[in-house]
Amino acid sequence: MSLTMPAPAVPESREPVRAAGPVSAVAEILRRRGMNPAQADQTEDRPDGTNEYQREVFRQAWVNSLALSGHGDYTRYRMDSLDEQQFPKHLRRYVEQLVRVREHNRDQLKLPTEERNIVRPNIQHLIAHGTVGSGKTVAAAATGAYAVESGLMARFVSHSMYLSWLQPNNAPAGLTPVSVRERYERCDVLVLDDLCNEMDEYATNHVRTHTSNLVTSRLNSGRATLFTTNLSFEQIASVLGDRLASRVGQRATVLRMVGDDRRKPQMW
């Protein structure tokens, strides 16, 4: 008697089994987003443009820096918020020449080293100087926002807060003194608010050393810094010393903002 073996069962149709591991996990995420993993390196396959993505990263960095400095409400200020006494035309030109220099240098980096002509901004430091409540910080915040809109990485920090964060165990959560220095040394535009504000005439070694490191690093690398201050050059020099005050004034333009206190405080 011959026996007929039953035919093997046909498995139900299902999704192909993919190998486990980090590579396959990334591939699966790309598939869920409608992207072909085999073309993940091609810009055309991205759902968003690279420039738009970078601008959003820069915007978040700017907003976060304002919030970290206790100026989160200053995110609302734009160039259109300013009046003529806050020099909006000058601030726009300052940012626009920074953008032109960056684009020029990027093109130069595509050339052989011996053919490059790397340049620096004509105005690298902008000093907004004026009386209390004259609108310096508002103008600086609007300038930072305009820089971000123009494709530059900008950050905001007050001078005293920056120095405080560099003290042992005093950096914001998730940061170290080293990462604090890198964050503010490497951005395209730094707004350093209230330079030397409420500092003794004879500054500590901590103040002078770390201010010098920040200013010198940015100056040497061609990065722009916008300072706001109520103090004159002589007063700054009495805190930081003549040599460092001279560096702040190097490749600089001063905008003098004067007028009544815009905050309109209640007197008593």
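Along the sequence shown, residues carry numbers from 1. As a basis for the values below, the full set of heavy atoms in this structure was taken, side chains included, without hydrogen atoms, waters or symmetry mates.
Not a single donor-acceptor pair under 3.5 Å links the side chain of Gln86 to the backbone N or O of Met257. Looking only at distances, a side-chain donor or acceptor of Ser134 sits under 3.5 Å from a matching main-chain atom of Thr131. Within the 3.5 Å criterion, the main-chain N or O of Arg208 finds no donor-acceptor partner in the side chain of Asn205. Although no hydrogens or angles enter the test, the distance criterion places no donor-acceptor pair under 3.5 Å between the side chain of Thr228 and the main chain of Thr137. Ser164 contributes no side-chain N or O that, together with a main-chain N or O of Ser160, makes up a donor-acceptor pair within less than 3.5 Å. Side chain of Thr229 to main chain of Leu195: a donor-acceptor pair is present (N/O by atom type, distance under 3.5 Å, no hydrogens or angles). A distance-only check finds no donor-acceptor pair linking the side chain of Ser150 to the backbone of Leu152 [under 3.5 Å]. Under the 3.5 Å distance criterion, the side-chain polar atoms of Arg218 are matched with a main-chain donor or acceptor of Cys187. The closest donor-acceptor contact from the side chain of Arg155 to the backbone of Ser65 lies at 3.5 Å or more, if one exists at all. At least one donor-acceptor pair under 3.5 Å links the side chain of Arg78 to the backbone N or O of Thr75.
The shortest distance between side-chain heavy atoms of Glu149 and Arg59 does not fall below 4.5 Å. Leu219 has its side chain within reach of His125: a pair of non-hydrogen atoms, C-beta onward, lies under 4.5 Å apart. Counting heavy atoms from C-beta on, the side chains of Arg120 and Val101 never come closer than 4.5 Å. Glu96 has its side chain within reach of Tyr146: a pair of non-hydrogen atoms, C-beta onward, lies under 4.5 Å apart. Considering only heavy atoms from C-beta on, Cys196 stays 4.5 Å or farther from Val207 through its side chain. Taking the side chain as every heavy atom from C-beta outward, Trp165 and Leu175 never approach each other to under 4.5 Å. Two residues are said to be in side-chain contact when any heavy atoms from C-beta on lie closer than 4.5 Å; Gln124 and Thr225 fail this criterion.
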Evaluate Val189 against Met153 for side chain to side chain contact (heavy atoms under 4.5 Å, CB included), listing each step before the verdict.
CA-CA 6 Å; Val189 179; Met153 164 69 84; over 6 Å; no
Apply the test salt bridge (charged side-chain N to carboxylate O under 4.0 Å, His left out) to residues Lys89 and Glu84: give CA-CA distance (whole Å), side-chain angles for both, the deciding distance (0.1 Å), then the verdict.
CA-CA 8 Å; Lys89 293 181 181 178; Glu84 290 305 311; 5.0 Å; no
Stepwise side chain to side chain contact (heavy atoms under 4.5 Å, CB included) test for Thr211 and Leu192
CA-CA 10 Å; Thr211 303; Leu192 194 63; 5.5 Å; no
Can Leu255 and Leu91 be said to form a side chain to side chain contact (heavy atoms under 4.5 Å, CB included), step by step?
CA-CA 9 Å; Leu255 300 180; Leu91 296 172; 3.7 Å; yes
Walk me through whether Glu103 and Arg100 qualify under salt bridge (charged side-chain N to carboxylate O under 4.0 Å, His left out).
CA-CA 5 Å; Glu103 292 174 349; Arg100 288 194 297 272; over 6 Å; no
Might you work through the side chain to side chain contact (heavy atoms under 4.5 Å, CB included) test for Tyr94 and Asn122, ending with a clear yes or no?
CA-CA 9 Å; Tyr94 174 63; Asn122 290 328; over 6 Å; no
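Considering every non-hydrogen atom in both Tyr184 and Val157, the closest pair reads CE2-CB, 3.7 Å. Minimum heavy-atom separation, Gln97 to Pro121: OE1-CB, 3.6 Å. Counting all heavy atoms, side chain and backbone alike, His210 lies closest to Tyr162 at O-CE2, 4.2 Å. Between His104 and Asn117 the shortest heavy-atom distance is NE2-O, 2.8 Å. Between Ser158 and Ser69, the shortest heavy-atom contact is N-OG, 4.1 Å. In this structure, Ala171 and Pro177 approach most closely via the heavy-atom pair CB-N, 4.3 Å.
Side chains of Ser212 and Thr209: no donor on one and acceptor on the other come within 3.5 Å.
There is no path of hydrophobic side-chain contacts, each under 4.5 Å, that joins Ile123 to Val119. Linking ILVMFWY side-chain heavy atoms closer than 4.5 Å, directly or via other members, places Val57 and Val63 in two distinct hydrophobic clusters. One hydrophobic cluster, built from ILVMFWY side chains closer than 4.5 Å, holds both Leu68 and Leu214. Both Val95 and Leu82 are part of a single hydrophobic cluster, where members link through side-chain heavy atoms under 4.5 Å apart. Using a 4.5 Å cut-off between side-chain heavy atoms of Ile, Leu, Val, Met, Phe, Trp and Tyr, with links allowed through other members, Tyr77 and Met79 fall into the same hydrophobic cluster.
Under a cut-off of 6.0 angstrom, the local environment of CZ in Arg256 is sparse, with at most 12 non-hydrogen atoms contributed by other residues, nucleotides or ligands. Surrounding CG of Asn213 are more than 12 heavy atoms belonging to other residues, nucleotides or ligands, all under 6.0 Å away. By the 6.0 Å contact criterion, CD on Glu115 is enclosed, its count of non-hydrogen atoms from other residues, nucleotides or ligands being greater than 12.
Of the candidates Lys136, His129, Gln235, Lys136 is the only one forming a side chain to side chain contact (heavy atoms under 4.5 Å, CB included) with Asn230. Each of Gln250, Glu185, Arg247 was scored for a side chain to side chain donor-acceptor pair (under 3.5 Å) with Thr216, with one residue passing: Arg247.
Rounding to the nearest 0.5 Å gives a distance of 9.0 Å between CZ of Phe233 and CD1 of Ile127. Atom CD of residue Glu198 and atom CG of residue Leu231 lie 10.0 Å apart, to the nearest 0.5 angstrom. Between the OG1 atom in Thr253 and the CZ atom in Arg93 there is a gap of 11.5 Å [rounded to 0.5 Å]. Between His206 atom NE2 and Leu163 atom CG the span is 5.0 Å, to the nearest 0.5 Å. Rounded to the nearest 0.5 Å, atoms CG (Leu190) and OG (Ser217) are 10.5 Å apart.
Between Phe156 and His71, the angle of the ring planes lies from 30° to 60°, which puts this pair in the tilted group.
Salt-bridge check for Arg55 with Glu52: failed, with every basic side-chain N at 4.0 Å or more from each acidic carboxylate O. Salt bridge present: Arg92 and Asp80 bring a charged side-chain N and a carboxylate O closer than 4.0 Å.
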